[in-house]
Amino acid sequence: MSKDTKIISDLRSFFAKNEDNRAIKCIMGVMKHINIRSSEIGVEKKENCKFTTLQVLNLLMLFPFFVVKNASRYFNSSLSKLFNCDKDMFYRFMNDGNVKWRKLLYAMNLLLIKKISSSTTVHHEKPVCLIIDDTDAPKTGMTTELIGRIWSHVHQKSILGYKCLTMMLSDGVSQLFLDFSLHGEEGKDKQIIKHLQKEKVCKHNKMLRCTYCTMDVKLDGVPVRLFFCKRGRKGNWNGLLTTDLSLSFLEAYRIYARRWATEVAYKDCKTLLNFGKSQSVHFAAQIASFTLTMMQHNILCTVKRFEAYETIGGLFAEVTNDTLELSVTDKIWAIILDFVLEAAERYSIDATELLADFIESNPVAHTLRNMYINKQAS
């Protein structure tokens with residue numbers, strides 16, 4: 001592959017030959033708008049590497065769409081048949097602490113938001129929100145850099161891992177991960193709530209059947225309003241923060257209900273995109289893994305917005321079906337060739353003529369042959 005070859009444009013050309021690959025072509029259509037410059041990555045191309053850093057980044061972003069779980073699984077994937085390289089290339093890139101992952105995620109989001117704004121014709125009155133939430137990223141190895149113990153609200157106990165704090169942009173239709181940070185924090189008490197309970201300022205809302213407290217404070221000199229609420233005597237307290245001091249608790253809670261979008265996003269990322277599953281001991285690689293997952297989610301979310309898929313899971317399933325076709329074609333065609341060669345040898349028939357006759361008389365074999373040739377030509 002020449003150094004000037006563009007990964008995305010090559011893939012778009014390849015899949016353009018097949019009208020059935022709608023999902024993966026939609027992915028490529030969104031990715032073509034992500035014009036990240038090599039200078040934004042922060043590291044230079046290695047002399048012994050035939051791929052540029054931008055090409056390596058593009059390949060890493062494509063991993064889950066081609067059913068590549070991690071770099072060690074790349075060699076046997078359908079993607080490697082198109083872009084042949086060694087797994088160490090990916091490991092070196094992800095372990096490099098000089099890669100500007102936050103800047104890359106920021107640059108990508110600017111381009112996606114621009115595409116969404118320019119392509120959206122129907123506007124709605126739902127408020128645009130920044131949703132800040134955290135989720136567990138359990139780990140098993142004590143040798144991982146900066147690993148620690150966190151309090152898991154899911155398991156109600158202390159576990160080994162990171163707490164991933166995320167900031168998401170939600171407009172009621174799409175949810176894009178904007179930023180994140182990894183933390184270690186063990187504990188579960190909220191001292192502010194204990195103070196409010198002592199001052200007896202908590203109230204009960206009959207409509208929502210919950211207890212809530214309100215407090216106006218300053219955060220770095222900025223006036224903000226804090227709401228805390230819980231359901232039942234043994235329910236967990238949830239906190240809300242707003243810079244709109246005119247909001248009542250009921251209005252704030254209705255907006256807060258949008259927080260459920262983060263739970264859906266976390267579930268999609270963990271079940272489809274290997275969120276937090278990197279086994280590297282290098283903290284730089286952990287940051288790389290989390291960032292790539294968020295990039296991949298944002299791409300899927302943008303495609304879903306414009307292509308009317310009901311869920312990201314449904315879109316992802318269709319994408320992987322499209323790309324699995326690449327490796328399946330190779331395997332089936334190899335079986336056909338072995339069968340033809342064996343039959344030709346056993347019955348003393350010319351293998352080329354037998355294969356040509358078999359393809360002409362069998363529409364399925366004819367289609368497989370064309371798919372295989374198209375793939376090799378690309």
Side-chain angles (χ1 to χ4, degrees), residues 8 11-12 21-36 57-58 60-68 101-124 126-135 137 164-180 255 257-277 288-323:
I8 304 304
L11 285 173
R12 290 186 72 206
N21 300 130
R22 181 174 75 103
I24 189 63
K25 284 190 285 190
C26 291
I27 295 285
M28 297 299 109
V30 169
M31 291 189 70
K32 76 173 183 178
H33 291 282
I34 307 174
N35 299 317
I36 294 175
L57 175 63
N58 282 330
L60 284 168
M61 289 171 63
L62 290 168
F63 270 18
F65 309 138
F66 285 79
V67 203
V68 183
W101 287 107
R102 175 164 281 154
K103 185 175 182 179
L104 291 174
L105 182 59
Y106 179 78
M108 173 184 172
N109 282 326
L110 284 180
L111 294 167
L112 290 180
I113 292 171
K114 181 179 179 180
K115 173 177 171 55
I116 289 172
S117 300
S118 62
S119 304
T120 301
T121 56
V122 179
H123 298 278
H124 53 76
K126 293 181 180 179
V128 177
C129 300
L130 289 176
I131 305 175
I132 298 175
D133 202 355
D134 60 28
T135 187
C164 182
L165 181 66
T166 65
M167 181 169 66
M168 179 181 287
L169 177 71
S170 174
D171 64 359
V173 180
S174 300
Q175 291 76 42
L176 302 179
F177 284 106
L178 299 184
D179 203 354
F180 77 99
I255 297 175
R258 296 263 294 279
R259 174 192 169 276
W260 180 249
T262 62
E263 301 301 334
V264 175
Y266 290 151
K267 183 177 183 300
D268 287 335
C269 287
K270 290 180 179 181
T271 57
L272 305 176
L273 304 175
N274 297 315
F275 182 88
K277 298 293 178 64
S289 175
F290 279 94
T291 308
L292 285 166
T293 296
M294 292 179 186
M295 287 178 164
Q296 292 150 359
H297 172 273
N298 291 354
I299 291 170
L300 288 171
C301 196
T302 304
V303 172
K304 174 181 173 292
R305 182 185 186 109
F306 296 110
E307 299 299 328
Y309 286 92
E310 291 186 4
T311 63
I312 284 180
L315 167 60
F316 185 80
E318 188 173 328
V319 169
T320 51
N321 284 339
D322 289 349
T323 55

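The structure places CE of Met295 at 9.5 Å from CG of Leu112, a figure rounded to the nearest 0.5 Å. Between atom SG of residue Cys301 and atom CG of residue Leu315 there is a gap of 10.0 Å, rounded to the nearest 0.5 Å. Between atom CE of residue Met61 and atom OG1 of residue Thr293 there is a gap of 11.5 Å, rounded to the nearest 0.5 Å. Distance CD1/Ile36 to CG/Leu111: 7.0 Å, rounded to 0.5 Å. With rounding to the nearest 0.5 Å, the separation of CD1 in Ile116 from OG1 in Thr302 is 4.5 Å. The distance from atom CG of Leu11 to atom CG of Leu62, rounded to the nearest 0.5 Å, is 6.0 Å.
Counting only distance, with no hydrogens or angles, the side chain of Asn274 and the backbone of Lys277 share no donor-acceptor pair below 3.5 Å. Formation of a donor-acceptor pair under 3.5 Å by the Arg305 side chain with backbone atoms of Gln175 is not found in this model. Listed for the Ser117 side chain is no donor-acceptor partner under 3.5 Å among the backbone atoms of Lys114. Side chain of Gln296 to backbone of Phe63: no donor-acceptor contact under 3.5 angstrom is found.
Counting only heavy atoms from C-beta outward, the side chains of Ile34 and Ile8 never approach each other to under 4.5 Å. You'll find the side chain of Ile312 stays beyond 4.5 Å of the side chain of Val264, heavy atoms only. For the pair Asp268/Leu273, no side-chain contact is recorded, criterion being any heavy-atom separation below 4.5 Å from C-beta on. Side-chain contact between Thr135 and Phe275 is present, with heavy atoms from C-beta onward closer than 4.5 Å. In this structure the side chain of Leu165 never reaches within 4.5 angstrom of the side chain of Asp133, judged on heavy atoms. For the pair Leu292/Leu57, a side-chain contact is recorded, criterion being any heavy-atom separation below 4.5 Å from C-beta on. Thr291 has its side chain within reach of Phe180: a pair of non-hydrogen atoms, C-beta onward, lies under 4.5 Å apart. When side chains are defined from C-beta on, Ile113 counts as touching Leu176, because their heavy atoms get closer than 4.5 Å.
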- Please assess Met294 against Cys164 for the test side chain to side chain contact (heavy atoms under 4.5 Å, CB included), listing each intermediate value before the final yes or no. CA-CA 12 Å; Met294 292 179 186; Cys164 182; 4.1 Å; yes
- Message: Apply side chain to side chain contact (heavy atoms under 4.5 Å, CB included) to residues Asn298 and Met108 and explain how you reach the verdict.
- Response: CA-CA 9 Å; Asn298 291 354; Met108 173 184 172; 4.1 Å; yes
- Derivation and outcome, side chain to side chain contact (heavy atoms under 4.5 Å, CB included), residues Arg12 and Lys32: CA-CA 9 Å; Arg12 290 186 72 206; Lys32 76 173 183 178; 3.2 Å; yes
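Summarising the geometry of Thr320 relative to Pro64, their closest heavy-atom pair is CG2-O, 3.8 Å, with the distance given to 0.1 Å. The two residues Ile24 and Val319 come nearest to each other via the heavy atoms CD1-CG1, 3.8 Å.
Remark: of the listed residues Phe65, Phe177, Phe290, Phe177 is the sole one forming a ring pair (Phe, Tyr, Trp, His ring centres under 6.0 Å) with His297. Here the rule is side-chain hydrogen bond (donor to acceptor under 3.5 Å, both in side chains) with Tyr266, and of Asp134, Thr166, Thr271 only Thr166 fits it.
Under a cutoff of 6.0 Å and an axis angle of 45°, Lys115 and Phe306 form a cation-pi pair.
Judged purely by distance below 3.5 Å, without hydrogens or angles, the side chains of Thr311 and Lys304 never pair a donor atom with an acceptor atom.
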